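Since the structure comes first, as C-alpha cells, the remarks are kept for the end.
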Amino acid sequence: MTLEAPVQMTRSPAVGSWRDPVALLLASTGEGIYGVDLDGACVFINPAGARLIGYEPHEVIGRNMHELTHHARPDGSAYPEAECPIFNAFRRGLPCRIDSEVFWRRDGSCFPVEYSSHPVIEDAQVRGAVVTFVDITDRKRAADALQRAKDQLEERVRERTLALETALRRVRELAAWSETVREEERTRIAREVHDELGSLLVALKMDVNWMDKRLSEQQQRSPEAAEDMRTRMRCKCQNMSRLIESAVDNVGRIITDLRPSILDHQGLWAALEWQAQEFVASAELALDWCMEVDDTPEPPEPMAMAVFRIFQEMLSNVGRHAQARHLRVVIAVAAGELSLTVQDDGVGAPAQAFEAGDAYGVMGMRERARHFGGLIHIASAPGQGTRMRLQLCLTGKEPT
C-alpha cells in the first residue's frame with residue numbers, strides 16, 4: 001500500500017545508513033500511528049501506538065481497530081462501527097480530527113485521545129485510512145482544572161454579587177428605617193412642643209391678658225379693693241413663674257433628647273453613666289455598674305457621639321424586648337481599646353433574631369461601629385438573657 005503519490009526522497013551522506021527512513025520515523029515518533037484497510041483491520045502500527053493501547057505491535061496486526069480500541073464512548077456506552085469517524089475517512093471520504101473521545105486499553109481502562117483519520121489513496125482508489133493519535137490526559141486534566149477554577153471564580157463572583165446586592169438592600173432598608181425613626185422623633189418633639197410648651201404659653205398669655213385687664217381697672221377701685229387685687233395679682237405672678245419654670249424644664253428635656261449637653265460639658269464617660277442611671281430609674285431595673293477608664297483621654301467628638309448612640313440603642317433594646325430585672329454594664333479601656341458591655345437577665349432571643357433583615361436597631365449599631373473600625377458582638381439564647389459588646393479602638397486602628 002502506498003500514498004496518493006510516491007514520495008521522492010534524496011538521502012544525504014549523513015543519513016546514508018538509514019536503510020528504511022519511513023520505518024525509522026514511525027518507530028521514533030511519540031504519537032501513535034496505525035493504518036487500516038477497508039475492513040478496518042490493522043495493516044501497520046508503530047511501537048508508540050501499540051504501547052498507548054497496551055499491546056505489542058505484532059498483537060494488533062490484522063485485528064479490527066474499532067473493536068479493539070474504539071468500541072465504546074467515554075461513558076461506557078457502545079460505539080457503533082457505522083458511526084466511527086475513523087472508518088468514515090475511507091468509507092465516505094470524510095477526514096476528521098477529534099479530541100472529545102477515548103481509546104480503550106488492553107486492561108479495560110480508557111484515556112482521552114485526540115486523533116485524526118485520513119484516507120489512503122492508491123491508483124485513484126481508496127485503500128484504507130491512516131490514523132494518528134495522542135494521549136491528551138494531561139491536557140484534559142489541565143483543561144478540567146482550568147474549568148473548575150473558572151467555575152469556582154464564577155461561583156465566588158455570584159456569591160459576592162449576591163452579598164453586595166444583599167448589603168445594598170439592607171443599606172437602603174436601614175436608610176429608610178433611619179428616616180422613619182427621624183420622622184417619628186420629629187413628630188414626638190413637635191407633639192411635646194405643641195402639647196406641653198404650647199399649653200404653657202397659652203396659659204401664660206391668658207394670665208398676662210388677665211393682669212393687663214386688672215391693671216387697667218386698678219385706678220377705679222377703692223383702696224381696699226385695690227389692695228385685694230394686688231394680692232390676687234401677686235398670686236397670679238407666682239403661678240406664672242411656676243409655668244415658666246415648667247416650660248424651661250420641658251425645653252431642657254427636649255434639648256437633652258436631641259443632644260445631651262452632658263456629653264459636651266462633662267465628656268463621654270460621664271454621659272454614659274448619666275444615661276445608664278436615667279434608664280434604670282425609668283425602667284425600674286437594678287444596675288451593676290463597672291467603669292474602668294482611669295485617665296483615658298476623651299475620644300474625638302464624632303466617635304464619642306457614636307459610642308453614646310450605640311449605648312443608647314443597647315439600653316433601648318433591653319427596655320423594649322428583654323423583660324429584665326437586672327442590668328450589668330461594664331466599660332473598660334485597655335491599650336487604647338474600648339470595651340463596652342451591656343448584659344441583662346431577660347428572656348433572650350435566638351441568634352438569628354439579631355441577623356434578621358428587619359433588625360434595624362442592631363444594623364444601625366453595627367454601621368455606627370463599623371464607621372470607626374469597631375465591632376458589635378451579640379450573645380443571646382432564649383431564657384438566658386442577652387449580652388451586647390462594643391469593641392472599638394480609640395486610636396482609630398482595627399480592634400484586636
Side-chain angles (χ1 to χ4, degrees), residues 174-285 287 298 301-302 304-321 323 327 360-361 364 368:
L174 179 59
W177 175 78
S178 299
E179 183 59 32
T180 301
V181 170
R182 283 194 293 269
E183 190 60 35
E184 290 176 351
E185 189 67 10
R186 294 189 190 104
T187 302
R188 183 185 66 82
I189 293 172
R191 186 182 302 114
E192 289 188 5
V193 170
H194 177 271
D195 295 346
E196 298 185 22
L197 289 181
S199 62
L200 289 172
L201 291 174
V202 168
L204 284 171
K205 182 177 184 301
M206 292 174 64
D207 287 346
V208 169
N209 290 338
W210 183 89
M211 291 189 66
D212 178 64
K213 184 176 180 181
R214 299 292 91 78
L215 286 171
S216 65
E217 299 171 347
Q218 190 71 347
Q219 293 180 351
Q220 303 172 9
R221 295 188 177 93
S222 64
E224 294 80 7
E227 181 61 29
D228 179 65
M229 182 55 64
R230 281 193 291 272
T231 302
R232 293 177 60 189
M233 285 192 292
R234 280 195 299 270
C235 292
K236 183 66 70 173
C237 287
Q238 293 171 359
N239 182 63
M240 292 172 63
S241 178
R242 287 192 294 271
L243 290 177
I244 292 171
E245 289 177 1
S246 180
V248 170
D249 290 342
N250 284 334
V251 169
R253 180 171 52 78
I254 292 172
I255 291 174
T256 300
D257 287 344
L258 293 173
R259 180 183 176 88
S261 59
I262 190 174
L263 191 62
D264 297 321
H265 298 153
Q266 299 186 37
L268 175 62
W269 314 127
L272 293 175
E273 185 171 4
W274 168 82
Q275 183 64 67
Q277 297 294 345
E278 286 285 311
F279 174 76
V280 296
S282 62
E284 299 182 344
L285 298 178
L287 175 63
E298 293 286 333
E301 191 274 337
M305 179 56 71
V307 172
F308 184 77
R309 294 305 186 195
I310 290 172
F311 185 58
Q312 280 186 317
E313 183 60 34
M314 289 179 175
L315 297 180
S316 177
N317 273 313
V318 174
R320 289 197 305 266
H321 308 298
Q323 302 177 30
L327 184 67
Y360 299 116
R368 286 182 188 272

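Here the structure is a predicted model, which means the values were calculated and not measured. Heavy atoms only: backbone and side chains are in, while hydrogens, waters and symmetry mates are out.
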Could you list the donor-acceptor pairs under 3.5 angstrom formed by side chains in residues 236-244, with sequence neighbours left out?
unit_1	atom_1	unit_2	atom_2	d
Lys236	NZ	Asp207	OD1	3.4
Asn239	ND2	Asp207	OD2	3.4

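When atom types are taken as modelled, the side chain of Asn317 and the backbone of Glu313 share a donor-acceptor pair closer than 3.5 angstrom.
Here the side chains of Arg214 and Met211 are not in contact, with every heavy-atom distance at 4.5 Å or above. Between Met314 and Phe279, the closest side-chain pair of non-hydrogen atoms is not below 4.5 Å.
Within a 6.0 Å sphere centred on CZ of Arg230, heavy atoms belonging to other residues, nucleotides or ligands number more than 12.
Here Leu287 contributes atom CG and Glu273 contributes atom CD; the two are 8.5 Å apart, rounded to the nearest 0.5 Å. Annotation: the span from His321 atom NE2 to Ser316 atom OG amounts to 7.0 Å, rounded to 0.5 Å. The CD atom of Gln312 lies 9.5 Å from the CG atom of Leu272; values are rounded to the nearest 0.5 Å.
Across every non-hydrogen atom of Phe308 and Ala271, the tightest pair is CE1-O, 3.5 Å.
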